[in-house]
Amino acid sequence: QVQLVESGGGLVQAGASLRLSCAASGRSFSTYTMSWFRQAPGKEREFVAGISWSGGSTGYSDSVKGRFTISRDNAKNTLYLQMNSLKPDDTAVYYCAGRNRGWVTSTRSQYDYWGQGTQVTVSS
């Protein structure tokens, strides 16, 4: 069993940056494909970015490509999301998710583990 705990959210102005972290318990983190999702009020949870177990492969949604960077430190059991040039449309609860087999996918049901989420609010 893996537990995921996100942190780093907050209230910022448009154009600012934030770095989210997701701390994972358990010894198998380095074998998991990890992703970030987000859910805005009244909307479905959507894929933001994903990274392979080694960090060698990443994928992003079109809405964040070029502004967000996903990374991981397997020695620290931690996943990151660097968010730059934030926009009001980025306002959402951000969740990290892990799957213990397979590549990065935007399909929520393919993920085995989820964190509780961290709120990101971007004011205009």
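Everything quoted here is computed from the prediction, not taken from an experiment.
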Return yes when atom CD of Gln39 has more than 12 non-hydrogen atoms of other residues, nucleotides or ligands closer than 6.0 Å, and no otherwise. yes
Is there a continuous path of hydrophobic side-chain contacts, each under 4.5 Å between heavy atoms, that joins Tyr32 to Val104? no
Minimum heavy-atom separation for Ala24 to Val2, with atom names? CB-CG1, 4.3 Å
Cation-pi check, Arg72 to Phe29: give yes when NZ or CZ is under 6.0 Å from the six-membered ring centre and within 45° of the ring axis, no otherwise. yes
Backbone N or O of Asn74 within a donor-acceptor pair of the Ser30 side chain at under 3.5 Å? no
To the nearest 0.5 Å, what is the distance between CZ on Arg99 and CZ on Arg101? 9.5 Å
Please report the closest heavy-atom contact between Gly98 and Met34, naming both atoms and the distance. CA-SD, 3.5 Å
Show your reasoning for whether side chain to side chain contact (heavy atoms under 4.5 Å, CB included) applies to Ile70 and Leu79. CA-CA 8 Å; Ile70 190 171; Leu79 175 74; 3.9 Å; yes
State, yes or no, whether a side-chain contact exists between Trp36 and Ile51 at a heavy-atom distance under 4.5 Å. no
Roughly how far, to the nearest 0.5 Å, is OG of Ser28 from OH of Tyr113? 7.5 Å
Check for a donor-acceptor pair, side chain of Arg108 on one end and backbone N or O of Arg45 on the other, with a separation under 3.5 Å. yes
Restricting to non-hydrogen atoms, name the atom on Ser85 and the atom on Ser17 that form the minimum distance, rounded to 0.1 Å. N-OG, 4.3 Å
Count I, L, V, M, F, W, Y as connected when their side-chain heavy atoms are under 4.5 Å apart, and connections chain through other members. Are Tyr111 and Tyr95 then in the same cluster? yes
How close do Gly55 and Thr58 get, heavy atom to heavy atom, and via which atoms? O-CG2, 4.4 Å
Quick one, Trp103 and Thr33 - any side-chain contact, counting heavy atoms below 4.5 Å? no
For the residue pair Ser21 and Thr78, what are the closest heavy atoms and their distance? CB-CG2, 4.2 Å
Do Glu6 and Leu20 have side chains that get closer than 4.5 Å, going by heavy atoms? no
Are side-chain heavy atoms of Asn100 and Thr31 found at a separation under 4.5 Å? no
Side chain proximity check, Leu81 to Phe68, heavy atoms < 4.5 angstrom: yes
Contact summary for Gly50 and Ser35, nearest pair of heavy atoms: CA-OG, 3.3 Å
Within the 4.5 Å heavy-atom criterion, are Ser7 and Thr118 side-chain neighbours or not? no
Is there side-chain contact between Arg38 and Glu46, with at least one heavy-atom pair below 4.5 Å? yes
Residues Asp90, Lys87: salt bridge by 4.0 Å N-O rule: no
Hey, what's the ring geometry for Phe37 with Phe47, parallel, tilted or perpendicular (30° and 60° as the breaks)? perpendicular
Hey, does Trp114 have a side-chain heavy atom less than 4.5 Å from the side chain of Leu4? no
